[in-house]
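Read through the structure below, which is laid out as structure tokens, and then see the notes.
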Amino acid sequence: MTQILTCNDVKVDFDGFFALKGVDLQVEQQEVRFLIGPNGAGKTTLLDVICGKTRATEGSVFFQEMEGSIHKLEEHKIALAGIARKFQAPSIFPQLTVLENLELAMKQKKTLWHMLFAKMDEPTKEKIEYTLEKINLTQERNRLAGFLAHGQKQWLEIGMQLIQDPQLLLLDEPIAGMSGQEREKTGRLIHDVSKECSVLIVEHDMEFVRNFSKQVTVMHEGKVLCEGDMNTVQNDERVIEVYLGRGKTHA
Amino acid sequence: MAKSTKISFSILFLILALAPLLMSDFRISLLAKFLCFAIIAVGISLIWGYTGILSLGHGVFFGLGAYAVGMYLKIQASPGGIPDFMQWSGVSELPLLWKPFANPVFALFMMIGVPVALAFIIGFFTFHNRIKGVYFSLISQALVVVFVTLFIGTQELTGGTNGLTNFTTGFGVYLTHPVVQKVLYYITILILLLIVLISLWLTQSRAGKLLVAIREGENRVRFLGFNPTTFKVFIYCVSAAFAGIAGGLFVLQVGMISPEMMGIIPSIEMVLWVAVGGRYSIFGAVIGAVLTNSAKTFFSESYPDMWLFLLGSLFILVVLVMPNGLVGVAQSLYAKWFRFKTSKKAGGTSYDANTNLQ
């Protein structure tokens, strides 16, 4: 399979503190990759670098066939290239309805001209309805997003990423604050999604990782510690030391 | 468009159209002035209410539009084509900057063009460099100081502190003639109507929803693939254009413009009109401008000693008690009544997004 994302020796320096100390990571097409590691390992920072929120001090990020590293592009250009990012706290637009949230997020020309004259035509409607169904919010389509329950907000945001038809989906703790049933559904949704795009997920919930992962990358103190399936990773000496040595037992 | 918006505007414009039958010429000329202010208010509602950018410098755009038309009128009113204040400063030939303003079409074009160009330049450099929130407000305020100082300082070009006044004719008619005043009143209503329609269309377009999204989370918008700078500059230019048009209409009807009228205090007052009416609503902006200025006139006529205190108290009251302005109060009353009615009928509560937003 071919690589969709390649990070080479990515370093991030926050005024002397290196959040990332040279990360190499490759994600393949249609892969679901989990990123785990103790707090402060740099998982979220890595996602920030890929989507352009944080600038890498050194190193490069290559995406698909795009020429040159994307790490110096503006955020909206990276998004247009096909990288969608879901943040840890649900960041939807509370004063817009569920439908309007999706209408804005949808894959379309994101220019002023197009947005002024865009019409709600049939294909658009169908696409939105299809996404609404996928994220179980068909009933709530005309509610203000701010009034949704927490889990529903998380789903709406996932829906807003899916409707962009991304090539690479970055998810930061997508199941945080969800109930058991909701987690299960989210997990299945992510697997469905991976038929169409690659997914890179940061997750703390080890049970969720165990149930839904194939490939896992463990990060520690700004570096990649090891990679492999959950079994390999769990039995890796270094991983055990990192988690247990710091008194954390959820691995 | 929400039904309530349509009904409210229909009633308002009907009242405005019939007002000359019921009110004296003096009152109508006051109302015409307030309608100019309402045009500014609509623009401020777009940029502040919808997009969340607080501009404390719209007086400048108003002033620039007013001066553009005022220069034309001044040339018309000056025998020999050289304005009186220039003669006092010993200027014997019309300055190059003034010459094209002898043409009314050019003047009307500049009434919109100059404010938009300025808004574009200021907007692009601040928004592109991600200057926002209170820092943008401060820059917009500084803009006022710069322009007022500039206009006062270049007396031989701008008429200094006195500004431009003593107009006689324009566009081939006597401006102070009662019939002309009445026609101007109706032209103002028509332009206000046009601007309201444009704004309603804009806020209901997908771009309008994006403006709200920018207000709620500008960074989030970037990760959806939009460049917020484009949209923010656009809406800043639109609201500057509205303020410029208002300035042109104002100068035609009131017959003067001076740096004081584009200063810091008028700029802040403009924001207050919108706050009083309800900044999240175009209708709120319009009635906010008309009612606040009516109250100002009423207080200053009835209580000449303490009208400023009364007006100040009104502002404080509105900001403290009605964060979403008069329209916000009306909406929450309506929502309560609606919920009461439906809960009696169906035994449940229903919530419709429209009652909250528009």
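Below, chains carry the letters A, B, ... as their sequence lines are ordered, and counting in each starts from 1. The analysis underlying the following values was restricted to heavy atoms, covering all of them including side chains, and did not include hydrogens, waters or symmetry mates.
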Under the criterion side chain to side chain donor-acceptor pair (under 3.5 Å), I'd like the reasoning laid out for B:Arg206 against A:Gln108: C-alpha separation, chi angles, the key distance, then a yes or no.
CA-CA 11 Å; B:Arg206 213 175 273 171; A:Gln108 59 189 317; 2.5 Å; yes
Selection residues 49-80 of chain A - residue pairs positive for ring-ring contact (aromatic ring centres under 6.0 Å, His included), sequence neighbours left out:
none
Indicate the atoms forming the closest heavy-atom contact of B:Ser205 with A:Leu116, along with that distance.
CB-O, 3.5 Å
Okay, side chain of B:Glu216, backbone of A:Gln95: is any donor-acceptor separation there less than 3.5 Å?
yes
Any B:Asn227 side-chain heavy atom under 4.5 Å of A:Thr111 side chain
no
For A:Ala84, which atoms come within 4.5 Å of any heavy atom of chain B: side chain, backbone, both, or neither?
neither
Which one wins on heavy-atom pair count under 4.5 Å against chain B: A:Lys119, A:Gln161, A:Lys110?
A:Lys110
Below 4.5 Å, heavy atoms only, C-beta onward: do A:Trp113 and B:Thr230 meet side chain to side chain?
no
Atom pair CZ/CD1 of B:Phe223 and A:Ile83 - distance to nearest 0.5 Å
11.0 Å
Looking at B:Phe13, I want to see if its CZ is surrounded by more than 12 non-hydrogen atoms of other residues, nucleotides or ligands under 6.0 Å.
yes
Closest non-hydrogen contact found for B:Leu224 with A:Ala79 is C-CB, 4.1 Å
Heavy-atom check, side chain of A:Met115 versus side chain of B:Phe226, under 4.5 Å:
yes
A:Glu133 CD: over 12 foreign heavy atoms closer than 6.0 Å:
no
For each of B:Gly225, B:Gly208, B:Ala207, tally heavy-atom pairs with chain A at distances under 4.5 Å, and name the one with the top tally.
B:Gly225
Euclidean distance, A:Glu157 CD relative to B:Arg220 CZ, rounded to 0.5 Å
4.5 Å
Under a 4.5 Å cutoff for heavy-atom pairs, which residue among A:Ile92, A:Leu80, A:Asn101 has the most contacts with chain B?
A:Leu80
Tell me, out of A:Glu103, A:Arg85, A:Met120, who's got the most heavy-atom pairs with chain B below 4.5 Å.
A:Glu103
Hey, what do you get for CG (A:Leu96) to CZ (B:Arg215), rounding to the nearest 0.5 Å?
8.0 Å
Flag the pair A:Phe93 / B:Lys209 as yes when at least one side-chain heavy-atom distance between them is below 4.5 Å, and no otherwise.
no
